[in-house]
Amino acid sequence: MPEQALRSHDYEGRRLKLDTLVRLRWLAIAGQTASVVAVRFWLDFPMQIGLCLAAIALSAWLNLFIKIRYPSSLRLKGRTAALLLGYDVLQLSVLLFLTGGLQNPFAILILVPVMVSATTLAPRLTVMLGGLVIVAVTVLGLWHMPLPWAAGAFIALPFLYILGVWVALTCSVVFMGVYAFRVAEESRQLADALMATELVLAREQHLSALDGLAAAAAHELGTPLATIVLVTKELERELPPDSPYAEDIALLRSQSQRCRDILGKLTSLSTESDQHIDRLPVSHLLSEVVEPHAEAGIDIRVKLESESGSEPVGRRNPAILYGLGNLVENAVDFAETTVEITASWSPDSVTIVVADDGPGFASEVIDHIGEPYVTTRAPTAEASEDHEAGGLGLGFFIAKTLLERTGAKIDLSNREAPAHGAIVRIVWPRDAMDRISPASQPRALFQDEAQAEAHG
């Protein structure tokens, strides 16, 4: 599965939008202004309205500065967002200090910045912000100006009551912070899972479209290839044995026949019947994969390494043959002199490594190889002169998807300097490779899903 989905703990990838904080602060400014004005002029309670409005105006000026200086679409880094939320805590603390401290029923609003932080920022930043809130409510519980009340009246709540409010706010900071973080984290994990599922479905849709394209290509190319084979046979029959063109005509006929064989494999990739499926050891599998490239002018070396146990034996699967064949063909195309294919097995796994001494995978695309229309290698001089030699990257995409359907994991890398070349490592679980008997085998590696259902 592609690693394009965001990990749930990657907080740098989920930066808080600046416009969100600006809008929340405007809402707080409107609420604070309405409360202060209502208490002073509607209820006619004496209070330090000038200082209160000054604290509110400071937030308004900060919002205007941010709105003018930065674009609304800006995504804030974690520390910057935490600093802005910390400012909100301090600004509200000043207002509460001027209006009765923890006796003010609006003291509960000091928890809002912690809630915002818990849903968007990293836990360590939320803990620091929660610590700031606890310090603020502690100071407000000990030192504050009188609660605004009717002229000539004074309310002094018992210290035990203030202590209870302090305990309630402290517990709320911890409980609501943890709760908001867990809810947000579960929501992010669900979103990541859905994103990963959509990527997998998109890959399957690409492959389904390519299956239809392959069937159409096989149908359309069958007739002209048959004509080419027929014409080459006639030319071969007419030319004398010592003709300088006899060897070229024979090569043309053999390659045309190979094209017809490839098209035949594409059309029978998922329709091959059970009676044509037999047991296939790993060594025989590699022999079949290597055979078409025996005369390519590249030294192909096959090694078998056994850590323990007998050689794995599975059912013949056209998807495995096509996938490995494509990887080997890709290695042969880019290799300078040698391609090494190493098969090893242990009680837990079966590994096939295809390595060549070519230019290796391009560093800028190695993380995206396996996606449609992403080429697998760095450009060469020949490819730059002939754009058709580069390919579209569909072959590797098809091979990778077919192999992953069988339970394989594919890893791509380059050789370490001073050596050069690409390395493709395919690993299957051993219990998916061995086929003891149709009844006891959970699902053989070289057996597609339809055949597995047929055997029960």
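Nothing here was measured: the structure is a model prediction, and the numbers come from that model. Excluded from the calculations below are hydrogen atoms, water molecules and symmetry mates; all remaining heavy atoms, backbone and side chain alike, are included. Numbering starts at 1 and runs along the sequence shown.
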Answer yes or no: is there a donor N or O on one side and an acceptor on the other, between the side chain of [X] and the main chain of [Y], under 3.5 Å?
X: T406; Y: L403; result: yes
X: R430; Y: S346; result: yes
X: D357; Y: T337; result: yes
X: T342; Y: V353; result: no
X: T99; Y: L95; result: yes
X: Y161; Y: Q103; result: no
X: E404; Y: I410; result: no

Would you say the side chain of [Y] lies within less than 4.5 Å of the side chain of [X], judging by non-hydrogen atoms?
X: D356; Y: V354; answer: no
X: R25; Y: Y87; answer: yes
X: L157; Y: L147; answer: no
X: L286; Y: I352; answer: yes
X: V114; Y: M176; answer: no
X: L142; Y: W166; answer: no

>> If the condition is ring pair (Phe, Tyr, Trp, His ring centres under 6.0 Å), which residues does F45 pass it with, not counting sequence neighbours?
In response: W149
Mind listing the side-chain donor-acceptor pairs of residues 47-54 below 3.5 Å, one per line with the distance, residues two or more places apart or on another chain?
none

> What closest approach, in Å, do V36 and I56 show between heavy atoms, and which atom pair accounts for it?
Replying inline: CG2-CD1, 4.1 Å
